Each structure stands twice: as structure tokens, then as C-alpha cells.
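These notes are about the structure you will find just below.
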Amino acid sequence: MVKEIALAALGLLLLSCNAHSDNPLRVTEITEIGTEGSSGDFCADFVLSEKQAQDYFGHARVVTQKTVHDDYDVLPCFVRGKGTLGNQRCEWEINAGGTGHVNCAQQSYLTACKDCLPR
Amino acid sequence: MATLKNGILSAPHVHQRIYAGLEKGHLPHVHALVIHQTGAPTAQHTFNSYQNSGHGAHFLIDKSGTIYQTAHLNRKTHHVGKIKSKCYETRICSKAQLQAVATILLQKGVSYSAITKNLHDAEKIKAYPDRYPLNEDSIGIEIVGNYNTQASAYESVSAVQNQSLQWLLGELFGFFKLSKADVYRHPAVSYKTATEASTATW
């Protein structure tokens with residue numbers, strides 16, 4: 001009995017851990033394509049369609065800030081937009097370095113992917 | 001008064017907690033100091049990561065202000081990453097330098113990660129202080145501070161942490177003949193989150 005409860009709990013935990021990949025953010029709108037500071041020319045080619053943004057979130061991993069810090073460039077080029085995660089409304093940002101963040105009503109998280117952007 | 005012998009900084013309030021996995025070969029010269037924040041809520045989170053990761057710095061300043069030495073000061077650690085162009089970022093490039101940097105930054109059909117690597121490769125052959133510090137000539141200091149994903153910002157460095165940082169910098173200035181001009185926040189040097197160490201003071 002104890003073993004069955006432990007296995008059920010483990011199953012729930014694994015489902016919870018995979019929540020983002022099983023039910024990724026639904027991109028509904030791109031609201032801003034821009035740059036931090038005066039890096040306009042450097043960022044000129046960083047443009048994403050809604051489909052490309054959706055593909056990014058479909059493949060990116062949820063990561064910690066330490067992973068962002070250690071393994072990724074955070075570039076001045078970004079695309080921002082809106083979306084939904086389940087019933088929650090969210091805002092998101094994708095950085096040209098391959099990182100992203102999602103802010104929803106009840107949760108926020110960071111994402112990263114090395115090969116999920118067109119450039 | 002601290003002493004420095006065989007890469008170990010000895011002082012009553014510096015605790016030795018060396019992680020061999022962080023050390024990546026000989027560090028022949030120290031030209032600069034780079035200030036980081038951990039992005040984790042406690043020192044223990046970072047110590048745990050040091051057991052499995054090759055990324056880390058030479059010191060860690062805990063929430064309490066306690067200073068831990070985590071790598072020998074005569075050993076290189078991977079704490080900087082790919083560097084930006086110093087003359088470009090500080091707007092002091094000569095015409096030729098500006099053209100060289102712009103040629104790299106504005107390459108078409110090349111991934112952004114390739115561009116930052118190409119820029120790093122072009123910069124690293126310059127002599128310090130004409131470029132930003134590298135892993136090969138700098139000491140890294142981590143300050144424990146969490147990252148708030150909702151606010152997209154690192155938490156503020158506390159007064160007690162800044163006090164410890166200032167003491168540590170003072171000692172390192174003396175041992176390596178450095179000045180405040182040789183201290184950099186990590187995002188100034190590399191492409192990193194802008195708020196990292198932004199509230200550190202010295």
C-alpha cells in the first residue's frame with residue numbers, strides 16, 4: 001500500500017515536472033520587437049513570427065537563472081508578446097541569445113534553447 | 001590583515017571552501033576583478049552546483065557577509081564567458097577599431113552566438129586594459145542573490161554584503177596592485193542579465 005502511494009506520488013510529480021513541455025505556452029500575439037539601449041543595427045535581423053515564437057516555446061526547456069547565466073548570452077535584442085498557459089494570461093519575451101521568460105498570472109519561469117531560433 | 005600564500009587568502013573572516021572542479025589551470029596574472037551574483041537564494045545552492053558544474057568564481061559572499069574562498073587565486077576559473085568589445089561599449093574606439101567591431105557585429109547570415117564568439121576571439125588578443133578581463137587574467141567574486149523571474153531582476157546586494165565586498169576588494173587591490181578602475185560588474189564585460197551585481201558598491 002505504501003509502495004503504491006509512493007508510486008502514485010512519483011507519477012504526479014513527474015506529470016507536474018513535465019507540465020510546460022506537455023502544455024506549452026500558446027503564443028497569441030507579438031506586441032513588440034525591439035532592443036535594449038542603442039543596439040538597433042545589431043538587432044535589426046532579430047524578427048520572429050508568431051509561429052516561430054510558438055516553435056521556440058514548444059522546444060525550449062524551463063531553466064534556472066544559473067543556467068541562463070552560465071550557458072547563454074543575454075543580448076539586447078528581444079521579441080515580446082502575449083499568450084496563454086491553460087487558463088492563465090501570460091506575457092513573454094524571447095531574447096536573441098536563446099533565452100526567454102514567461103510571466104503568467106500565477107507563475108513565471110525562464111526558458112532556454114540553443115537551436116530554437118531562426119538565427 | 002590578510003595574507004596571500006600559494007593562492008590562499010588567509011584572514012579570520014575568510015573561510016576556505018575550495019572546489020577543485022572549478023579550477024581550470026594556471027592563472028599567471030590578475031589584471032582585474034569581476035563581480036557576479038549567484039541567481040540562487042542561499043550559498044548552499046551555489047555550493048551544490050559547484051560539485052557538478054565547471055562554472056564558478058574564486059570567492060562567494062554569503063547573505064551574512066561571510067566570505068568563502070572557493071578557488072585558489074593562482075588558478076583560473078570559468079566565470080567571465082565571451083567578452084564584449086571594451087572600446088565599443090565605452091565609446092572610445094578609433095575609427096579603425098570601430099570599423100572592425102562593426103564588421104563583426106553586423107555580419108549577415110551568421111548566428112548571434114557565432115557573432116559573439118567572433119567578437120570575443122577578436123577582443124581576447126588585445127592586451128588589458130584595452131579589452132575587458134578574461135578568465136585568463138581575472139578573479140571572480142560571487143555575491144549570493146536570488147533572481148526574481150516575475151520582476152526579471154536580481155535581488156539587491158545587502159549592506160553587509162557590500163561591506164564584505166569592499167573589504168575583500170581592498171585586500172585584492174593590495175596583493176595584485178589593482179584599483180577601482182579594474183573592477184567590473186559581470187554584465188559590463190559579457191552579454192549577461194543587466195541587473196546582475198548592479199547594486200554592488202565599491
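Each chain gets a letter, A, B and so on, in the order the sequences are listed, and its residues count up from 1. What you are looking at is a predicted structure, and each value in this text was computed from that prediction instead of being measured.
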With a 4.5 angstrom heavy-atom cut-off, could you sort out which part of A:His69 is near chain B: side chain, backbone, both or neither? both
More than 12 heavy atoms of other residues, nucleotides or ligands under 6.0 Å from CZ of A:Arg89: is that the case? no
Against A:Gln65, only a single residue in B:Thr193, B:Thr149, B:Asn148 fulfils side-chain hydrogen bond (donor to acceptor under 3.5 Å, both in side chains); can you say which? B:Thr193
Non-hydrogen atoms of chain B under 4.5 Å away: do they reach the side chain of A:Tyr72, the backbone, both or neither? backbone
Please determine, among A:Asp73, A:Asn95, A:Val102, the option with the most heavy-atom pairs under 4.5 Å with chain B. A:Asp73
B:His15 atom NE2: more than 12 heavy-atom contacts under 6.0 Å: yes
Quick one: what part of B:His45 sits under 4.5 Å from any heavy atom of chain A, side chain, backbone, both or neither? neither
Would you find more than 12 non-hydrogen atoms of other residues, nucleotides or ligands less than 6.0 Å from B:Lys63 atom NZ? yes
When you check the side-chain N and O atoms of B:Ser152 and A:Glu93, is any donor under 3.5 Å from an acceptor? no
With a 4.5 angstrom heavy-atom cut-off, is it the side chain or the backbone of B:His186 that approaches chain A, or both, or neither? side chain
For A:Lys114, the side-chain hydrogen bond (donor to acceptor under 3.5 Å, both in side chains) test, sequence neighbours excluded, returns none
Give the C-alpha distance, both sets of side-chain angles, the deciding distance and a yes or no for side-chain contact (heavy atoms from CB on, under 4.5 Å) between A:Lys66 and B:Thr46. CA-CA 9 Å; A:Lys66 179 165 171 55; B:Thr46 303; 5.7 Å; no
Are any side-chain N or O atoms of B:Lys192 and backbone N or O atoms of A:Leu75, one a donor and one an acceptor, separated by less than 3.5 Å? no
Relative to chain A, which segment of B:Ser53 carries a heavy atom at a distance below 4.5 Å: side chain, backbone, both, or neither? side chain
Taking only heavy atoms into account, what residues of residues 96-122 of chain B are found under 4.5 Å from chain A? B:Leu105, B:Leu106, B:Gln107, B:Lys108, B:Val110, B:Ser111, B:Tyr112, B:Ser113, B:Ile115, B:Thr116
Is the number of heavy atoms from other residues, nucleotides or ligands under 6.0 Å of A:Glu91 CD greater than 12? no
